[in-house]
Trainee: 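Below is a structure I'd like to ask you about.
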Amino acid sequence: MKRNLFIISMLFLMNGSVFSQLKLYGENFRPQFHYTPERNWMNDPNGLVYYKGQYHLFYQYNPYANVWGHMSWGHAVSKDLIHWRPLPVALEEEKGMMIFSGSAVADINNTSGFGSKVNPPLVAIYTGSTDTLQTQNLAYSTDNGVQWKKYNTNPVLNENKKDFRDPNVFWYAPEKKWVMSLSYPITRQIAFYGSENLRDWKQLSVFGPAGDTSGVWECPDLMKVPVMGQPGTYKWVLLTSQNAGMQYFVGDFDGKNFTNENPKGKILKPDFGTDYYAAIAYHFNPLGRPVSIGWANNWNYANEIPTYPWKGAAALPRTLQLKKINDTWQLIQTPVVALQSLRKQPVAYTNKKITKTTELLGFKGNVWEGEFVMQPAATGETGIQLAVGNGLGMTLSYNAATKQVNVDRSNTPDYFSAAFAARALSTAPVRLINNELKWRVFFDKSIVEVFVNNGEQVFTVQVFPGEENNGLTIFSTGDGAVFKRITIWPMKSIW
Ligand code: FRU
């Protein structure tokens with residue numbers, strides 16, 4: 001008895017160290033293989049740069065609270081884009097000027113003069129934001145990105161505008177210069193600037209408005225994306241966010257102008273879900289193609305999601321390629337291969353025929369990856385339901401009449417926000433290939449990412465089911481649906 005008391009009091013003494021560590025990252029809704037900050041608010045990924053064997057992930061971060069405010073750059077690094085090591089806040093708000101979104105580059109030739117040729121600097125280009133003015137600013141690091149100094153003659157670009165933000169810079173090799181994409185949010189335009197030293201910038205051209213102009217334009221990223229199956233062939237892609245979704249344009253960039261090869265009104269979306277925003281990419285990295293990371297959230301309710309003590313997550317890193325489908329170049333997104341290292345022993349099912357029925361599979365879980373190859377019924381809906389329990393569940397289905405995929409969270413808890421409840425259904429047109437539809441689904445406590453037909457269409461959607469809502473069903477409302485293959489891998493935690 002005495003001994004037990006001793007052990008119990010030791011446990012209390014240890015509280016705050018080992019035991020609170022165990023609890024952190026074990027909270028309700030806490031993603032296990034998506035990056036989240038230990039505590040407090042995050043939004044956009046910033047400064048995605050690969051340098052000396054490390055992927056740097058900076059992100060919009062509030063060091064003081066679990067809601068948006070005091071914007072600073074949080075920081076984490078990874079060797080594989082999956083396991084992240086948190087580092088101290090890189091750039092802090094100063095004298096009322098918040099550090100908004102931006103990018104970072106490895107200035108290998110020391111064009112900025114902030115380092116040396118032997119020890120090149122990492123340079124961050126970010127928006128400094130006050131209530132009345134947004135300007136573009138620099139900061140640099142000469143210790144591989146751990147400590148940062150703000151440039152003493154900031155800003156480097158000021159047009160005396162209240163809305164002028166999210167600089168994204170890359171090296172344009174043919175002309176040996178830096179190119180920056182920057183957003184004029186209100187007029188739905190992206191401006192391009194050129195510089196030889198990262199300090200002096202001249203405007204090259206302005207693109208837009210075009211495509212989806214329903215919300216303010218933010219977070220542009222212009223990059224070269226390889227064409228699938230044609231090594232050495234590229235096209236230029238301009239990714240932008242328009243509150244609260246994303247789009248991309250495909251075309252060409254000649255060092256000055258970006259030309260959209262589609263009609264002005266054409267809208268292409270990298271993600272059809274409710275919760276994907278502000279994605280930018282690692283342009284240069286060992287995978288040989290850009291890798292994007294988005295913020296898995298939506299401004300309409302981001303401050304209200306019921307997670308504590310953190311709010312906001314990075315979506316899974318996706319490699320980007322282009323493929324021509326129905327005469328249009330489309331972005332093909334593939335979760336990075338390293339994710340497969342988290343797979344545990346799989347559970348598999350084959351040739352499951354269902355006709356106007358729902359079948360509960362034996363598998364249960366809320367941290368898994370699944371692959372489903374289905375032949376949908378010729379009528380009605382054929383689908384999958386996850387987070388099943390207590391009469392609730394989230395539905396992923398194909399509708400034979402509309403030829404669309406529906407991702408529907410209306411039958412999951414939404415009590416915390418009317419804006420969340422109002423955005424329950426996400427849809428996208430899809431094609432059947434040999435009468436089959438292929439799904440790759442990631443369910444990570446409160447984030448669901450769905451890749452249809454090997455990344456031709458993607459959905460990122462948040463859900464907040466109870467822990468016990470962890471069942472999985474397949475169903476069809478028409479005749480003759482077959483699930484040819486189902487493989488589910490419970491996933492290891494990265495924490
Ligand atoms: C996009 C955004 C950016 C801005 C940042 C502020 O989500 O609004 O335009 O720089 O978030 O946190």
Side-chain angles (χ1 to χ4, degrees), residues 37 40-48 57-75 89-94 96-104 124-139 155 157-159 161-169 180-191 208 212-221 238-247 270-271 273-281 292-305 310-315 419 460 462:
N40 294 332
W41 165 274
M42 87 169 257
N43 56 292
D44 315 354
N46 295 153
L48 301 188
L57 167 64
F58 301 91
Y59 51 90
Q60 288 287 282
Y61 182 59
N62 182 351
Y64 306 106
N66 203 18
V67 288
W68 188 87
H70 302 286
M71 295 325 295
S72 301
W73 277 24
H75 190 192
V89 170
L91 295 171
E92 280 190 56
E93 167 190 47
E94 200 174 304
M97 194 183 85
M98 293 199 267
I99 314 291
F100 271 24
S101 285
S103 53
I125 308 95
Y126 63 91
T127 297
S129 184
T130 68
D131 288 348
T132 52
L133 182 67
Q134 294 189 332
T135 59
Q136 317 319 319
N137 301 267
L138 305 179
L157 190 50
N158 178 6
E159 293 183 359
K161 288 194 165 66
K162 182 172 173 288
D163 287 284
F164 178 48
R165 60 180 175 269
D166 307 338
N168 204 303
V169 176
M180 179 198 291
S181 333
L182 196 49
S183 162
Y184 291 132
I186 309 301
T187 55
R188 279 69 166 156
Q189 287 170 309
I190 304 301
D212 187 342
T213 54
S214 61
V216 291
W217 278 23
E218 303 179 312
C219 302
D221 195 359
L238 175 63
L239 268 184
T240 64
S241 293
Q242 68 290 333
N243 202 349
M246 285 198 70
Q247 65 182 327
D271 197 298
T274 42
D275 298 282
Y276 197 71
Y277 200 68
I280 56 170
S292 65
I293 299 187
W295 174 46
N297 217 332
N298 182 315
W299 277 119
N300 288 295
Y301 46 75
N303 274 289
E304 298 166 52
I305 59 170
W310 85 100
K311 236 187 254 293
T460 305
Q462 292 184 100

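Ligands are counted one by one from 1 in listed order, and the atoms in each one are counted from 1 as well. Since this is a predicted model, take the numbers as computed values, not measurements.
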Trainee: Considering only non-hydrogen protein atoms, determine which one is nearest to atom 8 (O) of ligand 1 and report residue, atom name and distance to 0.1 Å.
Mentor: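 Nearest protein contact, heavy atoms only, for atom 8 (O) of ligand 1 is Glu218 OE2, 2.9 Å.
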Trainee: Please list, chain by chain and in numerical order, all residues satisfying side chain to side chain donor-acceptor pair (under 3.5 Å) with Asn303, sequence neighbours excluded.
Mentor: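 With sequence neighbours excluded, Asn303 shows a side chain to side chain donor-acceptor pair (under 3.5 Å) to no residue whatsoever.
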Trainee: Can an N or O of Tyr277 be found at a distance shorter than 3.5 Å from an N or O of ligand 1?
Mentor: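 In this structure, Tyr277 places no N or O atom under 3.5 Å from an N or O of ligand 1.
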Trainee: Tell me which protein heavy atom sits closest to atom 6 (C) of ligand 1, plus the residue, atom name and distance to 0.1 Å.
Mentor: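 That would be Gln60 OE1, 3.2 Å.
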Trainee: What protein heavy atom is closest to atom 10 (O) of ligand 1, reported as residue, atom name and distance in Å?
Mentor: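 Of every protein heavy atom, Asp166 OD1, 2.6 Å lies nearest to atom 10 (O) of ligand 1.
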Trainee: Check for a donor-acceptor pair, side chain of Ser103 on one end and backbone N or O of Val169 on the other, with a separation under 3.5 Å.
Mentor: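 Yes, Ser103 side chain to Val169 backbone: donor-acceptor pair under 3.5 Å.
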Trainee: With heavy atoms only and a cut-off of under 4.0 Å, state how Asn43 meets ligand 1: side chain, backbone, both or neither.
Mentor: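 It is the side chain that gets close, since no backbone atom is under 4.0 Å.
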Trainee: Do any N or O atoms from the side chain of Lys311 and from the backbone of Ala302 form a donor-acceptor pair under 3.5 angstrom?
Mentor: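 Such a contact is absent between Lys311 side chain and Ala302 backbone.
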Trainee: Tell me, which protein residue and heavy-atom name are nearest atom 1 (C) of ligand 1, and how many Å apart are they?
Mentor: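 Going by distance alone, atom 1 (C) of ligand 1 is nearest to Asp44 OD2, 3.0 Å.
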Trainee: Under 3.5 Å, is there a donor-acceptor pair linking the side chains of Gln462 and Asp275?
Mentor: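 Checked: Gln462/Asp275 side chains pair up, N/O donor to acceptor below 3.5 Å.
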Trainee: Provide the number and element of each atom of ligand 1 under 4.0 Å from a heavy atom of Ser101.
Mentor: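 Near Ser101, meaning under 4.0 Å from one of its heavy atoms, ligand 1 has 5 (C), 10 (O).
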Trainee: Indicate whether the side chain of Asn300 and that of Asn298 have a donor and an acceptor atom separated by less than 3.5 Å.
Mentor: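 The criterion, which ignores hydrogens and geometry beyond distance, is satisfied for Asn298 and Asn300.
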Trainee: Which ligand 1 atoms are under 4.0 Å away from a heavy-atom of Trp299?
Mentor: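 Heavy-atom distances to Trp299 below 4.0 Å select 1 (C), 7 (O), 11 (O).
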Trainee: Whether the Glu93 and Tyr64 side chains hold a donor-acceptor pair (N or O, under 3.5 Å, no angle test) is what I'd like checked.
Mentor: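 Result is no, nothing qualifies.
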Trainee: Would you check whether Trp295 has a nitrogen or oxygen atom less than 3.5 angstrom from a nitrogen or oxygen atom of ligand 1?
Mentor: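 Between Trp295 and ligand 1, no N or O pair is found under 3.5 Å apart.
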Trainee: Using distance alone, with no hydrogens and no angle criterion, decide if Thr127 and Gln136 have a side-chain donor and acceptor under 3.5 Å apart.
Mentor: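 Yes, side-chain donor-acceptor contact under 3.5 Å.
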